[in-house]
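Data first, discussion second: the structure below is written as structure tokens.
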Amino acid sequence: MNAVVRLLPIIAERRGAFLGTVLASLGAQLAVLGLALLLAHLTGTVSAAAGGGPLGEPALWAAGLAGLAVTAAACTWLEAHCSHDLAYSLIGMLRGRVFDALRRSVPDRADARRSGDLGAVAMADAESLEWLYAHTVAQTLTAGAVLTVTTAVSLLVNPALLLVWVPLLAAAVAIPWTMSGISARQARRLSGHRAALRADLVETVQGLRELAAADAVGRRRAHLADVARAVAGGEARPASRIGAERALGDLTLSATAIGALAVTAAGVGELPASAVPLAFTVAVAALGPAAQLTDLLRNAGALREAARRIVAVLDRPQTAPEPGVPCRADPDPSEGLRFENVAFRYAPEEPPVLDGFDLHVAPGETVALMGPSGSGKSTSARLALRLWDPDTGSVRVGGIDLRDLPDARLRALVGAVPQDARLVSGTLARNIRLAAPDASDDAVRRAAADAGLLSPAAGLPDGLATVVGDGGAGVSGGQRARVSIARALLTDPRVLVLDEPTASLDPGAEAAFGELLARPSRRATLVITHRPDTAAFCDRIVELAPGADAPPGE
Ligand SMILES: Nc1ncnc2c1ncn2[C@@H]1O[C@H](COP(=O)(O)OP(=O)(O)OP(=O)(O)O)[C@@H](O)[C@H]1O
């Protein structure tokens, strides 16, 4: 199904604002048209009155003109109000849906998309579609309706206009319509170039230190200049096409106007003098809405492309769907985290990463999961967080299959400390609170203390008020790991999964971290690690063999 049509129901959710936009836009256009016709009629009547004809009641003329002018102004204001109301709520709804779709489907098992591309979908395409649904659809309906009315009225008044109007107006609308395929292709290419530039810029800024160290800044700058040139080329082509289309459209509309005026002039002798201005105004009345339609159609290809990209994101397969019938039972206190006969592969054609994998981490126990690179340690951590589901077997927390837990309950039961914890700019307290925005100051302080952030060894004299720069600048690897743990502890999860938490720590920080792991708690803790010194702080070590098809040795 066409992506634009597929997204149309989104308007139904704000049907009041949409209807308001259409009616106000229709009211404004009809009032402007009425004003033009009334003025033309007045001009004819006044010139006839100068020759001795009746002028009519001036107060009535004034009231008619003032009424139409006020209606046009009020409807224009109302249209702007309703369409902006509709526009901003549609942007919010579209972005919300895009982020929901991304959250449900991230990480894709074999996702080749770059963040710049997804950013473009979420930001630029949502804005394009806002323009489509909040302005274009309503204006197209209005322009179509006004065009039909003006055409019908003019043809009743002067059927000879048919000869000029039908071919020329059809050509004016057909030009942008037939070009919409080319316009969509150009929009697709341009969006690809822009996404590449955005992603390359982000990577360059993030990797500037490494680029400088490798003396590669110059090469990178040349590469960015190439990509920027591709963007400029991608922008120039649609601009030339739109310019040519606009010129052709304007030519066609001008020819229509000249033809309509000529046809009307030919019949002037048969008309009373007072009706001549009205006849000329009627002859060109359809040109305004026709010009508006051609303008709107000119963007149709690019809008179709934006809708296609949004739909592609919305249709991404859900990696961990919500349960049909969620489990309401309390977790069994004697059960911690259990992998039972788990098999998992990233793609059907690839060998399994895990096959027949069994492991139980009991409440109060800390287990180190070790094994060679590629043996599936991080994959096990992701399965425990239900980023993906196993192909066969099950992963359970407190005896409950993760697939039976609603997302919010699962996140409260299982906490994660990822390998590359991300910090945002702001205080440490703000960073910890990301896991539970409504947590009290006391809870944040407790989690920070449990993660060792408030001890003198953490080296943070300002404690929770310490300010972190963009992306965690100004904080050491050890401090970052502790913030990440405090974040995970804030929800007091039954299960804690740590993926290489000490990978970037020096031996002193690793030892301090190990003491945290060794502290008694009721939590089941799974620590993915390469480092024997970290594993030594755990109660038990489990070795994972690559493509293990038998339970691992302990
Ligand atoms: N998103 C993915 N798509 C496809 N294959 C993947 C993906 N992530 C990991 N793999 C593959 O799955 C296998 C297991 O990866 P995993 O990261 O779980 O191993 P690991 O034991 O944690 O390795 P390391 O110690 O190097 O971090 C590897 O062969 C890896 O290439």
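Note that these values count all heavy atoms, side chains included, but never hydrogens, waters or copies made by symmetry. Counting convention: from 1, in listed order, for ligands and their atoms alike. Fair warning: this is a prediction, and the values are worked out from it, not measured in the lab.
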- Item | Set of side chain to side chain donor-acceptor pair (under 3.5 Å) partners for Arg14, sequence neighbours left out |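 Here the qualifying residues are Asp85, Ser89.
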
- Listed partners of Ser394 passing side chain to side chain donor-acceptor pair (under 3.5 Å), at least two apart: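 Ser394 satisfies side chain to side chain donor-acceptor pair (under 3.5 Å) with Arg396 once adjacent residues are dropped.
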
- Atom CG of Leu369 and atom OG of Ser380: how far apart are they, to the nearest 0.5 Å?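 The distance works out to 5.0 Å.
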
- Output the distance between atom CD (Glu350) and atom CZ (Arg345), rounded to the nearest 0.5 Å.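 Between Glu350 CD and Arg345 CZ, I get 9.0 Å after rounding to 0.5 Å.
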
Ignoring hydrogens and geometry beyond distance, is a side-chain donor-acceptor pair present between [X] and [Y] at under 3.5 Å?
{"X": "Ser183", "Y": "Gln186", "answer": "no"}
{"X": "Arg309", "Y": "Ser191", "answer": "yes"}
{"X": "Asp332", "Y": "Ser334", "answer": "yes"}

- Message: Are any of the N/O atoms on Trp388, whether in the backbone or the side chain, positioned under 3.5 angstrom from an N/O atom of ligand 1?
- Response: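 Between Trp388 and ligand 1 (N or O atoms, distance only) the closest approach is not under 3.5 Å.
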
- Message: Considering both backbone and side-chain atoms of Gly374, is one of its nitrogen or oxygen atoms within less than 3.5 Å of a nitrogen or oxygen in ligand 1?
- Response: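 Yes; the residue has a nitrogen or oxygen that sits under 3.5 Å from a nitrogen or oxygen of the ligand.
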
- Message: Students often mix this up, so state it plainly: with edges at 30° and 60°, are the rings of Phe344 and Trp388 parallel, tilted or perpendicular?
- Response: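 Parallel: the ring planes of Phe344 and Trp388 meet at under 30°.
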
For ligand 1, is any non-hydrogen atom under 4.0 Å from [X]'s backbone (N, CA, C, O), its side chain (CB onward), both, or neither?
{"X": "Thr379", "value": "both"}
{"X": "Arg345", "value": "neither"}
{"X": "Ser380", "value": "neither"}

Under 4.0 Å from any heavy atom of [X], which atoms of ligand 1 are there?
{"X": "Ser378", "answer": "17 (O), 18 (O), 20 (P), 22 (O), 27 (O)"}
{"X": "His530", "answer": "25 (O)"}
{"X": "Arg382", "answer": "8 (N)"}
{"X": "Ser375", "answer": "19 (O), 21 (O)"}

- Message: With a cutoff of 4.0 Å, is Pro372 in contact with ligand 1, counting heavy atoms of the residue only?
- Response: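 Distance cut 4.0 Å: Pro372 passes for ligand 1.
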
- Query: Is the closest heavy atom of Gly376 to ligand 1 under 4.0 Å?
  - Reply: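 In this structure, Gly376 qualifies as a contact of ligand 1 - some heavy atom is under 4.0 Å.
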
